[in-house]
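Not measured: the values here are computed from a predicted model.
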Amino acid sequence: MRYISTRGGVAPISFSQAVMMGLATDGGLLLPERIPTVSAEQLRAWAGLSFQQLAIQVITPFLTPGEAVSDRLPELVERSFATFSHPDITPVTRAGDHWILELFHGPTLAFKDVALQFLGNLFEMLLKAEGGRLNILGATSGDTGSAAIHGVRGREGIHVFILHPHNRVSPIQERQMTSVLDANVHNIAIRGSFDDGQTIVKTLFNDLAFKDAYRLGAVNSINWARILAQIVYFFYAWGRVTGGDPHQKVLFSVPTGNFGDIFAGYMALRMGLPVERLILATNRNDILVRFMESGEYRTGEVNPTISPSMDIQISSNFERYLYYLLDEDPAAVRGEMERLRVEGVFAVSEARRRQAGEIFSARRVGEEETLARIQATWERHGVLLDPHTAVGVEAAGNEPGAICLATAHAAKFAEAVHRAVGFDPPVPPPLEGLLERPTRCRILDPDPEAVRAFIREVLG
Ligand SMILES: *Cc1c(COP(=O)(O)O)cnc(C)c1O
């Protein structure tokens, strides 16, 4: 497989090159040149595989033959998921009419561990092969940062710089990042929003001289390897729920912020996974819902909510979907992205909006509904949802049999859960004593120059 940019400015590159490039050098996002397809026979066979075996099957067609990753994939997969506390890695359970796909059994208790444990091992392998070094730069609304830090802490040849919005992540999220004191981990609190952090990261990545000089790599879901690892659990959940009947379509409900997780679901669908629809669930930061309703993609103000990992008004991965919606025309994508940058808005035709609506059902869920859903699911089914998962379950509403992605452990967002059910969720081992641990963090203004100076200061 070769990789190209949504904006058409990158000559086809290999899988390893795509992983190291992160954001495409033309400002776009990298995508496989074509989407591999899966036959009914394969679907049937894959339903009997373990998560790790399945991961190898799903990932292999996306690799570039002849690269070292191909030979070492089984070892990579084995190591990446050995840090999960559940033998099924992403078990599928039930809460009343809905299936719950539990994605929170990794070291930081959020779904992002699935991809970032894989990416951490992948980076290390690629760097060892070429004897190079890498400086990871990423912005986080909370969960990506801790998952990235835990994915690469203590690894040789890698430094990681993570920007989080100062005082706008939960105390647990903050400590999961700032209490990691390994010398290669550098936390930066930005006096601003997540989008400010993401804009700084994009600015530094677009400064190609700086990016090359400091060998910057990406861990945000702009990195293709993250999407790839996430495709696996859509196949896994389908297999567990249907037993591998290729005629049985399922519905997924995906709590969405940066459009990464749901884009992985879209890729699974395009590969041939029998998916009826993808429910795109947002909190009141609803740019994606507004797009699905009006065809207009217009950025707005970010409103803090009890599901902070979805407090996003510029969904980076949406560009990947837009590429397909605009018939894989990079010039058209480039045009719309330029309009977004200059005017803060772009729009697609009514026909295209309808086309998107055939795949995505978009729903916005408010704070009160989220709390009520946590309470009802606890009282009726004895299952504790975190607020992000609750947004997805609420959006799935009356769709029996929907597979709802549980993106975080309830204990990670204890305050909101307490408000809903009147008690603190039990604390799982990775969080014990967390708030008492010593921390390290630098607070900076929302200015690319301040971050650039800090990186120079650390790396010399
Ligand atoms: C990141 C995150 C999301 C949103 O996922 P995207 O891929 O950004 O759409 C949802 N829930 C939790 C708990 C998260 O950490």
Could you check whether Arg290 pairs with Glu293 (Lys NZ or Arg NE/NH1/NH2 to Asp/Glu carboxylate O, under 4.0 Å)?
no
Salt bridge or not for Lys202 and Asp195, using N-O below 4.0 Å?
no
Atom CD of residue position Glu301 - does it have more than 12 heavy atoms of other residues, nucleotides or ligands inside 6.0 Å?
no
Answer whether the closest heavy-atom distance between the side chains of Lys112 and Arg226 falls below 4.5 Å.
yes
Close side-chain approach of Ile287 to Phe291, heavy-atom, < 4.5 Å
no
Please step through side chain to side chain contact (heavy atoms under 4.5 Å, CB included) for the pair Met337 and Phe346, ending with a clear verdict.
CA-CA 8 Å; Met337 285 299 136; Phe346 69 81; 4.0 Å; yes
Do the charged groups of Arg373 and Glu369 touch, with an N to O distance under 4.0 Å?
no
Spacing of CE belonging to Met177 relative to CD1 belonging to Ile188, to within rounding of 0.5 Å
11.5 Å
Where Val114 and Leu103 come nearest, the two heavy atoms and their spacing:
CG2-O, 4.3 Å
Is the charged tip of Arg452 near the ring of Phe210: under 6.0 Å from the six-membered ring centre and within 45° of its axis?
yes
For a 4.5 angstrom cut-off between non-hydrogen side-chain atoms, does Trp99 reach Arg94?
yes
Do the side chains of Ile89 and Tyr236 get nearer than 4.5 Å, heavy atoms only?
no
Okay, side chain of Arg175, backbone of Leu435: is any donor-acceptor separation there less than 3.5 Å?
yes
Answer yes or no: is there an ion pair linking Glu399 with Arg363, defined by an N-O contact shorter than 4.0 Å?
yes
Would you give the length of the straight line joining atom CG of Asn206 to atom CG of Leu23, rounded to the nearest 0.5 angstrom?
6.0 Å
Phe84 ring center near Phe51 ring center (under 6.0 Å)
no
Straight-line distance of His86 NE2 to Glu102 CD, nearest 0.5 Å
6.5 Å
Does a side-chain heavy-atom distance below 4.5 Å link His98 with Thr377?
no
Ile149 vs Asn187 side-chain heavy atoms within contact, under 4.5 Å:
yes
Determine, for Tyr324 and Arg270, whether the Lys NZ or Arg CZ falls below 6.0 Å from the six-membered ring centre while staying within 45 degrees of the axis.
yes
Between Tyr321 and Phe259, how do the two ring planes meet: parallel, tilted or perpendicular, split at 30° and 60°?
tilted
Worked check of side chain to side chain contact (heavy atoms under 4.5 Å, CB included) between Ile200 and Asp447
CA-CA 7 Å; Ile200 292 173; Asp447 173 8; 5.8 Å; no
Approximate separation, where rounding is to 0.5 Å, of Thr6 OG1 and Asp26 CG
6.5 Å
Does one side chain, of Thr108 or Gln176, offer a donor that lies under 3.5 Å from an acceptor on the other?
no
Looking at every heavy atom in both Arg437 and Ser179, which two are closest together, and how far apart are they?
CB-CB, 4.0 Å
Evaluate the ring planes of Trp224 and Phe263, with Trp represented by its six-membered ring, and classify them as parallel (under 30°), tilted (30 to 60°) or perpendicular (over 60°).
perpendicular
Salt bridge (charged side-chain N to carboxylate O under 4.0 Å, His left out) evaluation trace for Arg352 with Asp327
CA-CA 10 Å; Arg352 292 202 204 273; Asp327 301 325; 3.0 Å; yes
Ignoring hydrogens, what is the shortest heavy-atom contact between Ala416 and Ile306? Give both atom names and the distance.
CB-CB, 3.9 Å
Evaluate side chain to side chain contact (heavy atoms under 4.5 Å, CB included) for His159 paired with Asn184, printing each intermediate quantity in order.
CA-CA 5 Å; His159 279 269; Asn184 70 331; 4.1 Å; yes
Please report the interatomic distance CD(Glu343) to CD(Glu336), rounded to the nearest 0.5 Å.
10.0 Å
Minimal non-hydrogen separation, Ser193 against Pro165, with atom names
C-CB, 3.8 Å
Minimum-distance pair of heavy atoms, taken over all atoms of Leu119 and Ala218
CD2-O, 4.0 Å
Between His186 and Phe161, what is the ring plane arrangement, given parallel below 30°, perpendicular above 60°, and tilted in between?
parallel
Under 3.5 Å side-chain donor-acceptor pair for Tyr214 and Asp207:
no
Are side-chain N/O atoms of Glu415 and Ser170 paired as donor and acceptor at under 3.5 Å?
no
Heavy-atom side-chain proximity of Tyr266 to Ile227 below 4.5 angstrom:
no
More than 12 heavy atoms of other groups within 6.0 Å of Glu78 CD:
no
Can you name the nearest heavy-atom pair linking Ala110 to Lys412, along with the distance?
CB-NZ, 3.9 Å
Would you say CZ of Arg419 has more than 12 non-hydrogen atoms from neighbouring residues, nucleotides or ligands within 6.0 angstrom?
no
For a quick check under 3.5 Å, do Thr389 and Asp386 share a side-chain donor-acceptor pair by atom type?
yes
Please test Glu338 against Arg341 for salt bridge (charged side-chain N to carboxylate O under 4.0 Å, His left out), starting from the C-alpha separation and ending with a verdict.
CA-CA 5 Å; Glu338 186 55 18; Arg341 193 181 64 80; 2.7 Å; yes
Nearest 0.5 Å please: distance from the CG atom of Leu385 over to the CG atom of Leu371.
11.5 Å
Any donor-acceptor N or O pair under 3.5 Å, side chains Asn258, Asn317
no
Quick one, Met271 and Phe62 - any side-chain contact, counting heavy atoms below 4.5 Å?
yes
Test side chain to side chain contact (heavy atoms under 4.5 Å, CB included) on Leu204 and Lys211 and set out the steps.
CA-CA 7 Å; Leu204 295 187; Lys211 183 184 174 190; over 6 Å; no
